[in-house]
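The structure under discussion appears below in the form of structure tokens.
Side-chain atoms are counted along with the backbone in the values below, which use heavy atoms only and exclude waters and symmetry mates. Because the structure is predicted, anything quoted here is derived from the model rather than measured. In what follows, chains are A, B, ... by sequence order, proteins preceding strands, each numbered from 1.
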2 protein chains.
Amino acid sequence: MSVQQYLEGKKNNNQPLSDNLYAKLQEDILTGRLKSGSKLTENHVCEKYKASRTPVREAIRQLEAEGLVQLIPNRGAFIIGLSERDISDIYVMRNGMEIQAASWAAERITDPELDQLTEIYEYMVFYTHKADIEKMRSINAAFHQIIYQSSHNRILQRQLNMFQTYLKFAAPDRYTPESLNEILAEHQSIYHAILTRDPASSALAMRDHLQRGAERNSAAPAEARAPEKEAI
Amino acid sequence: MSVQQYLEGKKNNNQPLSDNLYAKLQEDILTGRLKSGSKLTENHVCEKYKASRTPVREAIRQLEAEGLVQLIPNRGAFIIGLSERDISDIYVMRNGMEIQAASWAAERITDPELDQLTEIYEYMVFYTHKADIEKMRSINAAFHQIIYQSSHNRILQRQLNMFQTYLKFAAPDRYTPESLNEILAEHQSIYHAILTRDPASSALAMRDHLQRGAERNSAAPAEARAPEKEAI
DNA sequence: TGGAATGAGATTGTATACAATTGAGAAGGA
DNA sequence: TCCTTCTCAATTGTATACAATCTCATTCCA
């Protein structure tokens with residue numbers, strides 16, 4: 001997968017076409033447009049998303065496997081969504097897994113992946129200097145994604161990509177022009193540790209980065225965060 | 001969910017009926033009866049498992065969401081399975097997540113859950129003294145599952161249940177009559193820490209338990225482990 | 001009035017028909 | 001021989017028909 005594709009947010013799974021439907025439903029759940037506790041009636045979903053029941057059922061099964069809906073046999077699908085505590089728990093889990101991923105990536109990264117990481121890092125330097133916050137959002141995601149991939153652990157990669165999607169919609173990072181330089185410096189440490197294939201340094205640099213990121217986000221005023229969603 | 005149901009290995013998700021199909025396919029992948037890299041042609045699955053294409057496709061989508069098969073649009077589903085390295089990585093991830101779950105469980109467990117944990121612990125004492133290894137296998141799983149549930153974190157619970165299933169089929173624990181008493185003592189520490197709602201002790205006790213479990217398994221001769229499976 | 005039985009409509013579960021796409025091999029030409 | 005193009009069978013993607021189940025309001029009876 002090319003760096004451009006990472007920047008455009010394409011996932012490396014060759015998703016089936018009907019996954020548009022899955023992605024739309026997922027986004028609507030994560031942003032709260034579909035409310036926790038409400039029922040996903042198949043025919044209603046068919047009408048709203050202009051599809052027949054077969055792909056709708058398949059998308060709902062995928063969401064169920066992911067935990068965003070609960071399926072009760074012969075009764076239907078109920079939206080679960082993410083509560084505030086889910087989100088704070090996700091941060092805890094994500095941090096542990098990102099540190100592990102950074103460690104594995106330093107051990108296992110291939111040369112082509114290292115080239116991609118370098119390319120993304122160079123984009124990051126460029127857009128940090130331009131202070132383009134929206135561009136930085138996608139480059140930041142791409143930087144972490146290439147690390148997930150370089151961990152060469154499908155399960156970890158999948159879960160971290162999922163967390164990234166969840167947080168993107170439900171609790172997006174808050175950037176300020178000043179924070180971009182801090183972030184670049186932290187990423188530089190991670191990049192250097194992986195480049196020198198040093199797992200311990202990589203893990204430490206990632207830990208530091210996530211710790212500082214948490215402080216940056218908690219320092220942000222509440223209204224900059226995602227709107228509240230009710231948990232049932 | 002009652003303790004009996006835990007012991008019988010029922011998952012607390014109210015799975016749809018066709019999930020039998022999902023579970024069968026999952027088991028066949030994990031045990032290697034369906035080989036990594038081979039294609040899951042829908043009609044072949046229909047014949048083999050006596051079902052029509054609709055539920056087969058739904059089961060395949062669930063496996064894809066879980067990462068055990070890869071779906072390529074208009075081409076079909078390919079089995080991914082678990083390599084030896086996947087399994088050893090799963091141990092690493094599981095250990096971190098179990099420790100976190102033990103910590104959260106000590107903070108968040110409800111009184112009814114505590115009653116269930118107590119009940120399971122008492123079963124464990126009983127069957128340890130009877131040295132019934134097969135019974136201990138299911139009680140051990142139930143003990144950990146009630147801790148997952150008591151962490152009150154759906155995502156963690158789901159992932160740990162999945163790891164438990166994976167390891168059950170792909171790398172089952174090796175018990176000896178002597179190890180049962182060790183395991184009981186370790187579980188007793190965890191149980192006590194959760195009973196006194198002490199997250200730090202709970203996490204430490206779980207860390208110790210997993211560490212010793214790893215030593216017990218690595219001390220086991222290779223032929224006692226699951227048969228090798230090729231990774232593609 | 002309270003509560004169990006009943007039945008119609010809505011919804012989910014499954015099977016199957018049809019459309020779109022792919023892939024392998026045949027045919028044809030340079 | 002090598003390469004391109006074409007064709008057709010196999011397979012996947014989607015729509016829809018039918019069966020099983022649930023929901024809920026109504027009816028019936030004590």
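- Rounding to the nearest 0.5 angstrom, the gap separating the CG atom in A:L68 from the CG atom in A:L30 is 5.5 Å.
- Atoms CD (A:E64) and C1' (C:dT12) sit 15 Å apart, rounded to a whole Å.
- Residues forming a salt bridge (Lys or Arg N to Asp or Glu O under 4.0 Å) with A:E27 (at least two apart in sequence, or on another chain): A:R33.
- Secondary structure note: stems in DNA chain C built from 3 or more consecutive Watson-Crick or G-U wobble pairs under 3.5 Å occupy C:1-30 with D:1-30.
- For the residue pair A:D86/A:S83, the side-chain donor-acceptor check at 3.5 Å is satisfied.
- Under 3.5 Å, the side chains of A:H152 and A:E113 contain a donor-acceptor pair of N or O atoms.
- Screening residues 34-84 of chain A for ring-ring contact (aromatic ring centres under 6.0 Å, His included) gives no qualifying pairs among residues at least two apart or on separate chains.
- In the set C:dA15, D:dT11, D:dG13, the nucleotide with an atom closest to the side chain of B:R57 is D:dG13.
- Scored by the ring pair (Phe, Tyr, Trp, His ring centres under 6.0 Å) test, A:Y166 finds no partners at all (sequence neighbours excluded).
- If you take CE on B:M136 and CE on B:M124, they are separated by 6.0 Å, rounding to the nearest 0.5 Å.
- Closest to the side chain of A:P55, out of D:dT14, C:dA15, D:dG13, is D:dT14.
- In this structure, a donor-acceptor pair under 3.5 Å is absent between the side chains of A:E64 and A:Q70.
- Ranking D:dT16, C:dT12, C:dT16 by closeness to the A:K39 side chain, first place goes to C:dT12.
- Side-chain contact annotation: A:E134 with A:Y175, donor-acceptor N/O pair under 3.5 Å absent.
- Nearest-nucleotide positions on DNA chain C for A:R75 and A:T54 put A:R75 closer to the 5' end.
- Contacts with DNA chain C (heavy atom under 4.0 Å) in residues 43-51 of chain A: none are found.
- Listed pair B:R53 / C:dC18 fails the phosphate criterion, with no side-chain N or O lying under 4.0 Å from OP1 or OP2.
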Give me, pair by pair, the N or O atoms of the protein and of nucleotides 19-21 of chain D that are less than 3.5 Å apart, along with how far apart they are.
none

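- Rounded to an integer number of Å, the gap from B:E58 CD to C:dA15 C1' is 12 Å.
- Contact annotation: the side chain of B:Y148 approaches that of B:E98 to within less than 4.5 Å [non-hydrogen atoms, C-beta and beyond].
- The CD-P distance, from B:E42 to C:dT21, rounds to 16 Å in whole Å.
- B:M93 has its side chain within reach of A:L156: a pair of non-hydrogen atoms, C-beta onward, lies under 4.5 Å apart.
- Going from atom CG of A:L40 over to atom C1' of C:dA10 covers 17 Å, rounded to whole Å.
- The distance between atom CD1 of B:I60 and atom P of C:dT14, rounded to the nearest whole Å, is 15 Å.
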